[in-house]
Amino acid sequence: MGEKSFSRAVRLLTPTHFENVFSDAVAASTPHITLLAKKNQLDHPRLGITLAKKRIRRAHERNRVKRIVRESFRHHLPQLGNIDIVIIGKSGLDQLSNQDLFKLLEKQWNRISRRCSER
RNA sequence: GGAGUCGGCCGGGUAAUCGCUGCUUCAGCUUGCUGAAGGGGAGGAAAGUCCGGGCUCCAUAGGGCAGGGUGCCAGAUAACGUCUGGGCGGCGUGAGCCGACGACAAGUGCAGCAGAGAGUAGACCGCCUAAGCGCGCAAGCGCCGGUAAGGGUGAAAGGGUGCGGUAAGAGCGCACCGCGCAGCUGGUAACAGUUUGUGGCACGGUAAACUCCACCCGGAGCAAGACCAAAUAGGCUCCCAUUACGUACGGCCCGUACGGGGAGCGGGUAGGUUGCUUGAGCCAGCGAGUAAUUUCUGGCCUAGAUGAAUGAUUACCCUCGACAGAACCCGGCUUACAGGCCGACUCCGACC
């Protein structure tokens, strides 16, 4: 596996995985997104994205946000450690540009991994 | 050149780096994973989910009722509420565009305000006073009446114009126009025409009012459906053990039932596989047809994800980039849309 690849192994695949994170997680919140994180038993992080249709109406906007999140996650993958992360989009997230999204996410990756390791 | 109508097409490009997901060919092994190379990877609306069909499962002898839909005629089609051609009505100078466009001389119902009267018409103003009656010498006045030509109301007042006729009038009569019915002619039909006959003449509007008529419709949907199948709990069958112990029956013993071990079977949850893209397919050509469409021949394979891929960053160029993301698949409709290209046609103006 390449260092910055994004294969199925680093994704949360089933509803069970998501519920596992929801049940007991460390949260980090901003006006646009909420991050939930929890340590896992693997040697790498995993990512799940939840964008409600109610929050972001149009399908192409939801797709755009997901792609940016995945791309950013991929670039920061080595520094994150063994945690499961779920990203929840809030209303207004589709107003941000690609650059703004990247900046926002970069901060949040650092924040959430620090909080997890403190725990 | 300006203004406009109709039809068709396109929907940023190139390069580098880093990714995602099928396919093909190699290589490796732990035989379903890893690596390499090549090649494919959102739309004209993928959208709204408003119609129609395929497909799947369930139901179903046949027929009817109820309910829903469609609604000028003919054709196209797998089918349609779609499309094409035609008819009729309306709009536009025109190219063209728009129309739920069957039946109210089967029945029932509905219609605010105004107005005398609104559907078997109707005397408010007006017009008339011939006949009959009363008063009066008479003119005339009154009564009984007549009258739909005029005024006025209204969205709409029950054919129009003219002449005759009359007390005044009136299809009361006649001519012309219009209308109904029947016939004839043209057309597959809707419908149109009529130098034909006939009727004095309505049969007002409204059916996205009930209704009537004609035709169509079984239900649910890919989370359809099919297959594989842990862990845990439970079910059935067979075999072994029925020694000991516990519980129940009992005063106690014997005994019976349950709790044991092993093997097999079936249902089935998590999860996985499949359905899943070769199809009423696309392109080209000849032919049929006014056209929608279609026969035949040749060629092509053009996304298939499943917490859900089809992207990000940088650089350059240009006209500086809109609406917007497949989820079983097709045919339509509707709605959104920066900008651009092509063709045909119409009107106006100028030049020759």
Side-chain angles (χ1 to χ4, degrees):
Chain A
M1 197 194 300
E3 210 169 61
K4 287 185 176 178
S5 73
F6 187 75
S7 66
R8 288 174 61 81
V10 298
R11 292 184 238 163
L12 296 178
L13 291 176
T14 66
T16 337
H17 292 158
F18 277 82
E19 276 161 31
N20 188 37
V21 176
F22 287 141
S23 63
D24 176 31
V26 178
S29 190
T30 77
H32 294 101
I33 56 168
T34 299
L35 284 90
L36 297 174
K38 188 186 180 183
K39 288 206 173 189
N40 63 29
Q41 305 304 313
L42 306 165
D43 60 347
H44 56 77
R46 291 189 299 180
L47 176 72
I49 306 169
T50 301
L51 299 175
K53 201 171 183 181
K54 198 176 167 187
R55 300 290 174 210
I56 301 176
R57 285 281 148 146
R58 284 167 300 209
H60 70 278
E61 289 294 343
R62 286 199 298 280
N63 273 337
R64 183 174 70 88
V65 172
K66 280 197 217 170
R67 281 165 185 157
I68 299 296
V69 172
R70 274 198 296 267
E71 186 70 10
S72 178
F73 175 79
R74 190 168 66 80
H75 285 296
H76 294 84
L77 201 139
Q79 48 181 285
L80 283 171
N82 57 328
I83 51 175
D84 286 348
I85 302 175
V86 174
I87 301 236
I88 302 168
K90 296 187 183 176
S91 307
L93 184 57
D94 54 334
Q95 304 293 317
L96 296 177
S97 70
N98 288 3
Q99 276 94 354
D100 290 341
L101 271 171
F102 275 119
K103 280 183 199 163
L104 174 71
L105 288 163
E106 205 171 333
K107 283 187 187 170
Q108 297 312 313
W109 298 134
N110 294 329
R111 202 171 151 201
I112 200 76
S113 62
R114 223 176 325 114
R115 284 207 194 179
C116 266
S117 51
E118 278 169 10
R119 206 168 134 166

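So you know, we letter chains A, B, ... as the sequences are listed, proteins then strands, and number each from 1. Worth saying up front: this structure is predicted, and the values here are computed from it rather than measured.
- Shown for residues 84-91 of chain A: no residue has heavy atoms falling under 4.0 angstrom of RNA chain B.
- For B/G35, the glycosidic angle deviates from 0 by more than 90°, giving an anti base.
- Counting to the nearest Å, the P atom of B/U313 and the CG atom of A/Leu101 are 10 Å from each other.
- Annotation: salt bridge (Lys or Arg N to Asp or Glu O under 4.0 Å) contacts of A/Arg64 (sequence neighbours excluded): A/Glu61.
- Pair assignment for B/G260 gives B/C240, based on Watson-Crick or G-U wobble hydrogen-bonding distances that are each under 3.5 Å.
- Taking atom P on both nucleotides, B/U49 is separated from B/A192 by 45 Å, rounded to a whole Å.
- Between A/His60 and B/G325 there is a side-chain polar atom (N or O) within less than 4.0 angstrom of OP1 or OP2.
- Here B/G255 sits opposite B/C249 as a Watson-Crick or G-U wobble pair (both hydrogen-bonding atom distances under 3.5 Å).
- Out of B/G325, B/C18, B/U314, the shortest distance to the side chain of A/Arg58 is found at B/G325.
- Taking atom CD1 of residue A/Ile49 and atom P of nucleotide B/G311, one finds them 16 Å apart after rounding to whole Å.
- The minimum heavy-atom distance linking A/Arg74 with A/Glu71 is given by the pair NH2-OE2, 2.6 Å.
- Of the nucleotides present, B/G160 is the one that pairs with B/C176 by Watson-Crick or G-U wobble criteria, both distances under 3.5 Å.
- As the counterpart of B/U302, no nucleotide is assigned, since no Watson-Crick or G-U wobble pattern has both distances under 3.5 Å.
- Here A/Ser72 lies out of heavy-atom contact (under 4.0 Å) with every strand.
- On the P atoms, B/G54 is 49 Å away from B/A36, given to the nearest whole Å.
- Shown here for A/Arg62 and A/Lys53, the closest heavy-atom pair between the two residues is NH1-CG, 3.5 Å.
- Remark: A/Arg70 is in phosphate contact with B/A308, judged by side-chain N or O atoms under 4.0 Å from OP1 or OP2.
- In summary, of the residues considered (A/Ile88, A/Leu51, A/Val69, A/Leu104), a side-chain contact (heavy atoms from CB on, under 4.5 Å) with A/Ile33 occurs for A/Leu104 alone.
- Rounded to a whole Å, the CZ atom of A/Arg57 is 18 Å from the P atom of B/C323.
- The A/Arg74 side chain lies nearest to B/G19 when the options are B/G307, B/G325, B/G19.
- Separating the CG atom of A/Asn63 from the C1' atom of B/A305 is a distance of 12 Å, rounded to the nearest angstrom.
- One P atom belongs to B/A229, the other to B/G267, and the distance between them is 10 Å to the nearest Å.
- Shown here, B/A138 forms no base pair; nothing in the strands shown gives a Watson-Crick or G-U wobble contact with both key distances under 3.5 Å.
- Residue A/Asn98 places at least one side-chain N or O closer than 4.0 Å to OP1 or OP2 of B/U313.
- Below the 3.5 angstrom threshold, one finds a donor paired with an acceptor across the side chain of A/Arg67 and the base of B/G325.
- The backbone N or O of A/Ile83 sits nowhere less than 3.5 Å from a side-chain atom of A/Arg46 that would complete a donor-acceptor pair.
- Atom CZ in A/Arg62 sits roughly 17 Å away from atom P in B/G311 (whole-Å rounding).
- In terms of position on RNA chain B, the residue among A/Lys66 and A/Phe102 whose nearest nucleotide sits closer to the 5' end is A/Lys66.
- Here B/A47 presents its C1' atom at 10 Å from NZ of A/Lys53, a figure rounded to the nearest Å.
- Applying the Watson-Crick and G-U wobble criteria (two distances, each under 3.5 Å), B/U335 pairs with nothing in any strand.
- A pairwise comparison of heavy atoms in A/Ala27 and A/Ile112 identifies C-CD1, 4.4 Å as the closest pair.
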(request) Show the numbers, then the answer: is there a salt bridge (charged side-chain N to carboxylate O under 4.0 Å, His left out) between A/Glu106 and A/Lys103? (result) CA-CA 5 Å; A/Glu106 205 171 333; A/Lys103 280 183 199 163; over 6 Å; no

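- Screening A/Thr34, A/Leu35, A/Leu36 for a side-chain contact (heavy atoms from CB on, under 4.5 Å) involving A/Ser29 leaves a single residue, A/Thr34.
- Taking atom CG of A/Leu51 as the reference point, atom P of B/G325 lies 14 Å away to the nearest angstrom.
- Of all heavy-atom pairs spanning A/Arg55 and A/Gly89, the tightest one is CG-O, 3.9 Å.
- Between A/Gly48 and A/Glu61, the one whose closest nucleotide on RNA chain B sits nearer the 5' end is A/Gly48.
- With both pairing distances under 3.5 Å, B/G221 is matched to B/C55 as a Watson-Crick or G-U wobble pair.
- The partner of B/G92 is absent, by the rule that a Watson-Crick or G-U pair needs both atom distances under 3.5 Å.
- Nucleotides B/U319 and B/C341 are separated by 13 Å at their C1' atoms, to the nearest Å.
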